[in-house]
Amino acid sequence: MRAGPSQEEVRRHNLGTLLRYVHVHGATSRAELTSRLGLNRSTIGALTAELTTAGLVSEAAPRETGRAGRPSLVVRPESSMVYAYALSIEVDRLRAARVGLGGRILDRRETDRPRGMQVLDAVQPLTEFVHEMRREVPDGARYIGTGVAVAGMVRRDDGMVRLAPTIGWVEEPVGAALRAELGDGQLTVGNHADVSALVEHARGAAAGCDNVIYLYGDAGVGAGIIADGRRVSGHGGYGGEVGHMVVNPYGRECSCGSRGCWETEIGEYALLKHAGRGDDTGREAVLGVVDAAMRGDSQAQFAVRQVGEWIGFGVGNLVNIFNPEAVIFGGTLRDVYLVAAAQIRSRLNAIALPACREHIRLRTPELGYDAALIGAAELAFEHLLDDPLLLT
């Protein structure tokens, strides 16, 4: 028979569980930690004391309690002193942030990314951003690692971008290029929609939901899928490429080489073409169509209706397959959803099975465009949350 976990293994597990709770939920009293984690008061006290000594959390009396008696100490993550770098490579932008434990953005930088920019040209400004932010780090602060979010198919083992058609990259070693420039072995690369889904599930619009689909749209469409509380990544980490499910076999050719993919019907190009603005590109152009539709422009309204129909069509099929509790619309899909919500819901209801759709909640991201940055930081924090003693 296999022996049970040792006392040391249990202690490390409990330390990670407590730190993860405070990391996700923020300032939490010892009394609440006792209740939520199912541990006794003395154990919580010992764990918080150890994490405090390690410099990962701090403890202080609450400012106001409104109750008689000795108040329960409040445990807070040391956001300003324990941090990770987060990088996001998007169709039109390059973004970087220093993110503290607890998901707090401490510093940020961004610049435009011209379409067609190659990997080495993208790595240079991101590297410069990190060097700039390093100069602002307070003395004694501890670096955990770097997480990178890319709008493309990422091989999780080494950060190779296998295919990112909207960025124009195929088989590009993004992870290796950034590690070489930053001199950083603690760098992890993930898919943009995946990391956004993880963080919205942990602390955003899908908190409390164990089955979630996060749809991210710009020039293309991708999804982060959470099933039974776990990310669905597939073999190699390429799961969630819902933008390339074929919905219209006679439709437009897709950048991936196929024809009639979902993103050809709901992506940026489709909306702008229907609105008579096919020469425009980018988020501002999409927002221009959405704004025109809200002001009564008939062609913009037609474009939103066309895309809304196809959004509802695809979501209805995903609802039948994954039976989620919530579907979140991120990126430019958020803006389209806000003006086409009723139409999307109507189309979804016509396609999805009653048992799958009756509880479904359609939402926009609570963390907005910061979801990818905070989610990328989560890639770096993960090993610390699994074993907080790694820092000691």
Side-chain angles (χ1 to χ4, degrees), residues 91-92 151 166 193 205 213-223 241-256 258-322 324 326-354 356-365 368-369:
V91 172
D92 293 316
T166 57
I213 296 175
Y214 178 98
L215 295 174
Y216 181 85
D218 45 35
V221 178
E241 291 297 326
V242 299
H244 297 289
M245 62 180 183
V246 175
V247 296
N248 183 3
Y250 305 103
R252 186 170 63 89
E253 186 175 351
C254 181
S255 59
C256 74
S258 186
R259 182 175 293 277
C261 293
W262 194 27
E263 70 179 40
T264 67
E265 302 291 353
I266 70 171
E268 167 193 299
Y269 178 82
L271 180 76
L272 294 173
K273 182 181 178 184
H274 288 312
R277 307 183 188 193
D279 293 332
D280 295 338
T281 59
R283 180 169 181 263
E284 293 304 316
V286 171
L287 293 178
V289 174
V290 169
D291 180 65
M294 294 176 67
R295 289 186 287 104
D297 182 288
S298 60
Q299 190 162 6
Q301 289 176 336
F302 168 76
V304 169
R305 284 197 305 271
Q306 288 293 106
V307 170
E309 281 287 319
W310 282 109
I311 292 175
F313 180 93
V315 171
N317 281 295
L318 292 174
V319 165
N320 283 341
I321 296 168
F322 292 103
V327 176
I328 301 172
F329 297 92
T332 53
L333 286 180
R334 169 193 177 275
D335 305 294
V336 176
Y337 168 75
L338 290 175
V339 294
Q343 185 176 14
I344 292 170
R345 168 67 78 168
S346 176
R347 186 66 166 157
L348 184 162
N349 287 345
I351 291 174
L353 298 168
C356 295
R357 72 169 188 256
E358 58 194 10
H359 58 278
I360 196 78
R361 287 169 280 184
L362 306 182
R363 295 177 172 176
T364 56
Y369 283 92

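On a predicted model such as this, the values are computed, not experimentally measured, just so you know.
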Inset, instruction - Look only at the side chain of Arg361 and the backbone of Ala326, and say whether a donor-acceptor pair between them is shorter than 3.5 Å. - result: no

Inset, instruction - Could you grab the distance from atom CD1 of Ile311 to atom CZ of Arg347, nearest 0.5 Å is fine? - result: 12.5 Å

Inset, instruction - Quick one: list whatever passes salt bridge (Lys or Arg N to Asp or Glu O under 4.0 Å) with Arg345, sequence neighbours left out. - result: none

Legend entry - Gap between atom NZ of Lys273 and atom CD of Gln306 - 0.5 Å precision: 11.5 Å

Inset, instruction - State the OG1-CD distance between Thr264 and Glu253, to the nearest 0.5 angstrom. - result: 10.5 Å

Legend entry - Backbone of Trp310 reached by a side-chain donor or acceptor of Trp262 within 3.5 Å: yes

Inset, instruction - Please report the C-alpha distance between Arg252 and Tyr269 in whole Å, then the side-chain angles of each, then the deciding distance to 0.1 Å, and finally whether the side-chain contact (heavy atoms from CB on, under 4.5 Å) criterion is met. - result: CA-CA 11 Å; Arg252 186 170 63 89; Tyr269 178 82; 3.2 Å; yes

Inset, instruction - Begin with the C-alpha distance, continue with both residues' side-chain angles, and end with the deciding distance and a verdict on side-chain contact (heavy atoms from CB on, under 4.5 Å) for Leu215 and Val315. - result: CA-CA 9 Å; Leu215 295 174; Val315 171; 3.8 Å; yes

Legend entry - Side-chain donor/acceptor of Glu268 to backbone N/O of Gly282, under 3.5 Å: yes

Inset, instruction - Without swapping roles, check the side chain of Arg363 against the backbone of Ile328 for a donor-acceptor pair under 3.5 Å. - result: no

Legend entry - For Ala352 against Val319, the heavy-atom pair lying closest together: CB-CG1, 4.0 Å

Inset, instruction - Give the minimum heavy-atom separation between Gly296 and Gln301, together with the two atoms involved. - result: CA-NE2, 3.4 Å

Legend entry - Minimum heavy-atom distance Ala193-Ala223, with the two atoms named: CB-C, 3.6 Å

Legend entry - Derivation of the side-chain contact (heavy atoms from CB on, under 4.5 Å) call for Asn349 and Arg357: CA-CA 7 Å; Asn349 287 345; Arg357 72 169 188 256; 3.4 Å; yes

Inset, instruction - Could you grab the distance from atom CE of Met245 to atom OG of Ser258, nearest 0.5 Å is fine? - result: 12.5 Å

Legend entry - Spacing of Asp335 atom CG and Arg283 atom CZ [to the nearest 0.5 Å]: 5.0 Å

Inset, instruction - Going by the side chain to side chain contact (heavy atoms under 4.5 Å, CB included) test, name the single residue among Ile351, Ile213, Leu348 that passes it with Leu318. - result: Ile213

Legend entry - Check: Asn320 side chain, Leu353 main-chain N or O, donor-acceptor pair, under 3.5 Å: yes

Legend entry - Stepwise side-chain contact (heavy atoms from CB on, under 4.5 Å) test for Ile266 and Val221: CA-CA 8 Å; Ile266 70 171; Val221 178; 3.7 Å; yes

Inset, instruction - Of all the heavy-atom pairs spanning Cys261 and Gly243, show the shortest one and how long it is. - result: CB-O, 3.3 Å

Legend entry - Close side-chain approach of Leu338 and Thr364, heavy atoms under 4.5 Å: yes

Inset, instruction - List for me each residue that meets salt bridge (Lys or Arg N to Asp or Glu O under 4.0 Å) alongside Asp280, sequence neighbours excluded, and say none if there are none. - result: none

Inset, instruction - Check the angle between the aromatic planes of Phe302 and His274 and answer parallel, tilted or perpendicular using the 30° and 60° thresholds. - result: perpendicular

Legend entry - Atom of Ala292, atom of Ala300 and distance for their closest heavy-atom approach: CB-CB, 3.7 Å

Inset, instruction - State the CD1-CZ distance between Ile344 and Arg305, to the nearest 0.5 angstrom. - result: 13.5 Å

Legend entry - Nearest atoms (heavy-atom pairs only) where Val336 meets Val307: CG1-CG1, 4.1 Å

Legend entry - Ser255 side chain vs Thr166 backbone, donor-acceptor pair below 3.5 Å: no

